[in-house]
Q: 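The structure follows.
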2 protein chains.
Amino acid sequence: MTVSKENRDNQSPSFPPKKKPKVTVVEVAEAAGVSVSAVSRAFNPDASISRPLREKVFKAAAALNYKPNRLARGIKSRSSLVGILMTDFNNPFYLPILSRFTSEIQNRSCHSLLIHVDGDMDIQEAVELVMEYNVDGLIITSASLPKELVDACRSQNTPAVIFGRDSSENSVTVVSCDNVLAGNMAADMLLDAGYTKPAFVAGPVGTSATIDRQRGFISRLMERGCNQWQVIEGGEFSYDAGYDATLRMFKSVERPDALFYADDIMACGGMDALRYDLGLRVPEDVGVMGVDDIRLANSRSYDLSTIRQPNEEMIQRTIDALFEHISDPQLPPQSITLPCEPVERGSTKKSK
Amino acid sequence: MTVSKENRDNQSPSFPPKKKPKVTVVEVAEAAGVSVSAVSRAFNPDASISRPLREKVFKAAAALNYKPNRLARGIKSRSSLVGILMTDFNNPFYLPILSRFTSEIQNRSCHSLLIHVDGDMDIQEAVELVMEYNVDGLIITSASLPKELVDACRSQNTPAVIFGRDSSENSVTVVSCDNVLAGNMAADMLLDAGYTKPAFVAGPVGTSATIDRQRGFISRLMERGCNQWQVIEGGEFSYDAGYDATLRMFKSVERPDALFYADDIMACGGMDALRYDLGLRVPEDVGVMGVDDIRLANSRSYDLSTIRQPNEEMIQRTIDALFEHISDPQLPPQSITLPCEPVERGSTKKSK
DNA sequence: CTGAAAGCGCTTACAG
DNA sequence: CTGAAAGCGCTTACAG
């Protein structure tokens, strides 16, 4: 007597919500009158299966409201999981980026495993954890990038692409904008506007973005014969860091007449310090620039001149490169550097 | 001849990076001279296993650099995955929140599956997708919450907690702050400061937070005998929405003398419109308030009076409640409403 | 507390 | 193209 199944189906529906029995390949196969292999193949885009068979399976699956169990699938095959490693959770720059990444990943019917890398847990540990999920690929947005991470990815043979960092690493794919160029452009904009004693407010120590921006900035200043520049450590990419660094800088004897911050959110903090604590006028007394072109840069309050990163394109290229590597792991790592673009707004004097 | 194993181990290490063979329970068991069950138990905190056995396993595991495969584990047991459903990716309010959630989830040795719910894909679909990963639990930050989502969770028996929304639903755990109270407080602060013609700039239509804030605001105004209020639709929670709504409002005949925005980022946009487009002084000509107390509210540029949500506590309570439900699925849903707190800054006149 | 064995839900050689 | 069967890496009754 095959009673067990019926039993299961109409088992006291009003009772304490028992875990609804999941429908599996077996049930679908039964319902469709085919093998489980057929069911499996039907749900795998590039498996060899005839149209009619696939449709039969889909029909049965739909009727039973079958959803493949990704976890089980992931054991032998792709997990459909993409890890996103993030550090800079207090930089608003990253929210829209995260937004686009997750959408794009979902568009390719994968999901995002978001890994928060912070002080407590070193990045190495983070990678190991994410590897336990057999992620198909990894996006790394961390500003500081330890070598071990890259090694871990390679040893696991997990495709990874680094977002927004410069291409010193040649063993892994990197998508970034040309930060040296960004520095050049900032120097030009400030010099063209007539500022003569500019300063660079650096970001997190040792991160390639800030190093390159500084290098590009200073070298262009000197090229153009400006020698009265200075550099100050800013610390992290945050409003407070920019604010504090600015106050510190203006305690010194040599006051700059223009400030180029390692990124926009620092510039916003700095501008507030200039205007509201130091009583200086922007752009008349001091010119201010940042990098990124975050939403706030285009607000009426800050109206910040900046160097815009081609975010949309960087994101698109990152996703494209990642999925290319996922489908063909033999692909050599590439290094994609996109140009950036100056955006002149009200925080600098008009260039002459 | 047991050659196969040795073969595997020292197989041409210099060759094209073959997928490094993962070490599994079987190898660890062999190395430790125990059963695979023992290995499994050693890695499951509440399995019954003796200390010495566990240590023996750990030693072997460490030597082999064994990491349990979470995917395989997830088939029969917990996936250690927590889904986070988000909509509002253009509200900076959510970045720190996301930061805390992911950290807390990682602290409990789980990981975050971040689901971006947007227009293209309805929330129903998002939930189904996330269910395919057998998430242990779900955090929902979506402002608008369709009933189907709640049903989906229940039918899958997946614990879920809704963050930042009001407790109209009684079938699922909700953590929010008292938004009616927030409205009351805003009304009090503006009235106490001497404003007499306040307006409410609403957020996304149909979301409980904005509805409740409006209700609390208006009802308190009327209680205190102020009848010259108005309400305008703001649209989404964003800088632009606040900016645009403000310009629209000031085209009308009846100009308000104080604005209470549904949230801080709208208030920032609005304040910029007031100051830079309409040439009004804040707080002298118009008082401005928001809700949330985002980082920017405390900047010198905006210096925004607001109603602070007890974010830290809301997050903590959300996580606690979620994990309680995960370990005991029979727990009844609770509805946790926390008080909020007025923060008086420079965008409103000093209360008398 | 411990082990041998069956099972989780899906995939993938292997034959046909 | 299709199916029967073995296997993925782990967990969990079931005995002892």
Side-chain angles (χ1 to χ4, degrees), chain A residues 4 8 19-58 60-61 64-81 109 131-136 156, chain B residues 4 8 19-58 60-61 64-81 109 131-136 156:
Chain A
S4 70
R8 206 195 314 144
K19 199 119 197 163
K20 187 194 233 172
K22 293 229 173 183
V23 11
T24 76
V25 272
V26 179
E27 276 109 273
V28 178
E30 275 174 14
V34 302
S35 71
V36 292
S37 330
V39 178
S40 171
R41 291 197 185 97
F43 281 92
N44 278 78
D46 29 40
S48 65
I49 184 174
S50 67
R51 268 182 72 83
L53 218 206
R54 171 168 274 151
E55 267 156 22
K56 190 151 67 164
V57 171
F58 277 176
L64 294 170
N65 191 25
Y66 166 74
K67 305 284 168 199
N69 179 329
R70 302 255 188 170
L71 255 26
R73 168 177 291 185
I75 291 186
K76 298 213 72 166
S77 151
R78 312 252 85 114
S79 64
S80 302
L81 245 26
S109 48
M131 292 302 185
E132 294 178 19
Y133 284 101
N134 270 354
V135 294
D136 294 344
Q156 295 282 341
Chain B
S4 69
R8 208 198 307 147
K19 199 120 194 161
K20 186 194 233 170
K22 294 231 174 183
V23 12
T24 76
V25 272
V26 179
E27 277 109 274
V28 178
E30 273 175 15
V34 303
S35 71
V36 292
S37 329
V39 178
S40 171
R41 289 196 186 100
F43 282 91
N44 278 78
D46 29 43
S48 65
I49 185 174
S50 66
R51 268 180 74 85
L53 219 205
R54 171 167 275 150
E55 269 156 21
K56 190 150 67 167
V57 172
F58 277 177
L64 294 169
N65 192 24
Y66 166 75
K67 305 284 170 199
N69 180 327
R70 301 256 188 172
L71 255 27
R73 170 178 288 185
I75 292 185
K76 296 212 72 165
S77 152
R78 312 251 88 113
S79 64
S80 304
L81 246 26
S109 48
M131 291 302 185
E132 294 178 17
Y133 284 101
N134 270 354
V135 295
D136 294 344
Q156 295 282 343

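Just so we're on the same page: letters track the sequence lines, and every chain starts at 1. What you see below is based on every heavy atom in this structure, not just the backbone, and it leaves out hydrogens, waters and symmetry mates.
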Q: Between C/dG3, D/dA4, C/dC10, which one does the side chain of B/Val34 approach most closely?
A: C/dG3
Q: Quick check on D/dG9: is either OP1 or OP2 less than 4.0 Å from any side-chain nitrogen or oxygen of A/Tyr133?
A: no
Q: Tell me: CG of A/Asn134 to P of C/dG9, nearest whole Å?
A: 19 Å
Q: Write down the distance between CD (B/Glu132) and P (C/dC10), rounded to a whole number of angstrom.
A: 10 Å
Q: Taking Watson-Crick and G-U wobble pairs with both distances under 3.5 Å, convert DNA chain D into its dot-bracket string, 5' to 3', dots for unpaired and | for cross-strand pairs.
A: |||.||||||||.|||
Q: Taking the side chain of B/Ser40 as its heavy atoms from C-beta onward, which of C/dG9, D/dT11, D/dG3 lies nearest to it?
A: D/dT11
Q: Give the rounded distance in Å between these two atoms: CZ of A/Arg78 and P of D/dC8.
A: 18 Å
Q: In whole Å, I'd like the distance from the NZ atom of B/Lys67 to the C1' atom of D/dC10.
A: 17 Å
Q: Which atoms form the tightest heavy-atom contact between A/Ser80 and A/Asp136, and what is the distance?
A: N-OD2, 2.9 Å
Q: Less than 4.0 angstrom between a side-chain N/O of B/Asn44 and OP1 or OP2 of D/dT11, yes or no?
A: yes
Q: Taking the C1' atom in each of D/dT12 and D/dG16, what is the distance between them to the nearest angstrom?
A: 16 Å
Q: Rounded to whole angstrom units, what separation is found between the CZ atom of B/Phe43 and the C1' atom of C/dT2?
A: 17 Å
Q: Compare all side-chain heavy atoms of B/Val23 with those of B/Asn65 and state whether any distance is below 4.5 angstrom.
A: no
Q: Heavy atoms within less than 4.0 Å of DNA chain C: which residues of residues 48-56 of chain A have one? Give them sorted by number.
A: none
Q: Send over the distance from A/Ile75 CD1 to D/dA6 C1', rounded to a whole Å.
A: 14 Å
Q: Sequence neighbours left out, what passes side-chain hydrogen bond (donor to acceptor under 3.5 Å, both in side chains) with A/Ser40? Give chain and number order.
A: none
Q: Shorter than 3.5 Å, N or O on both sides, protein versus nucleotides 14-16 of chain C: list them out with atom names.
A:
none

Q: Do any pairs count as a side-chain hydrogen bond (donor to acceptor under 3.5 Å, both in side chains) and have a residue in residues 46-58 of chain B, sequence neighbours left out, and if so which ones?
A: B/Arg51-B/Glu55
Q: To the nearest Å, how far apart are A/Leu71 CG and C/dG9 C1'?
A: 10 Å
Q: Which residues pass the ring pair (Phe, Tyr, Trp, His ring centres under 6.0 Å) test with A/Tyr66, sequence neighbours left out?
A: A/Phe43
Q: For A/Ser37, give me all partners under side-chain hydrogen bond (donor to acceptor under 3.5 Å, both in side chains), at least two apart in sequence or on another chain.
A: none
Q: Between atom CD of A/Glu30 and atom CG of A/Leu64, what is the distance when rounded to the nearest 0.5 Å?
A: 9.5 Å
Q: Consider the side chain of B/Ser37, meaning its heavy atoms from C-beta on, and name the nucleotide among C/dG3, C/dC10, D/dC10 that approaches it most closely.
A: C/dG3
Q: A/Asn69: what forms a side chain to side chain contact (heavy atoms under 4.5 Å, CB included) with it, not counting sequence neighbours?
A: A/Leu71, A/Ala72, B/Asn134
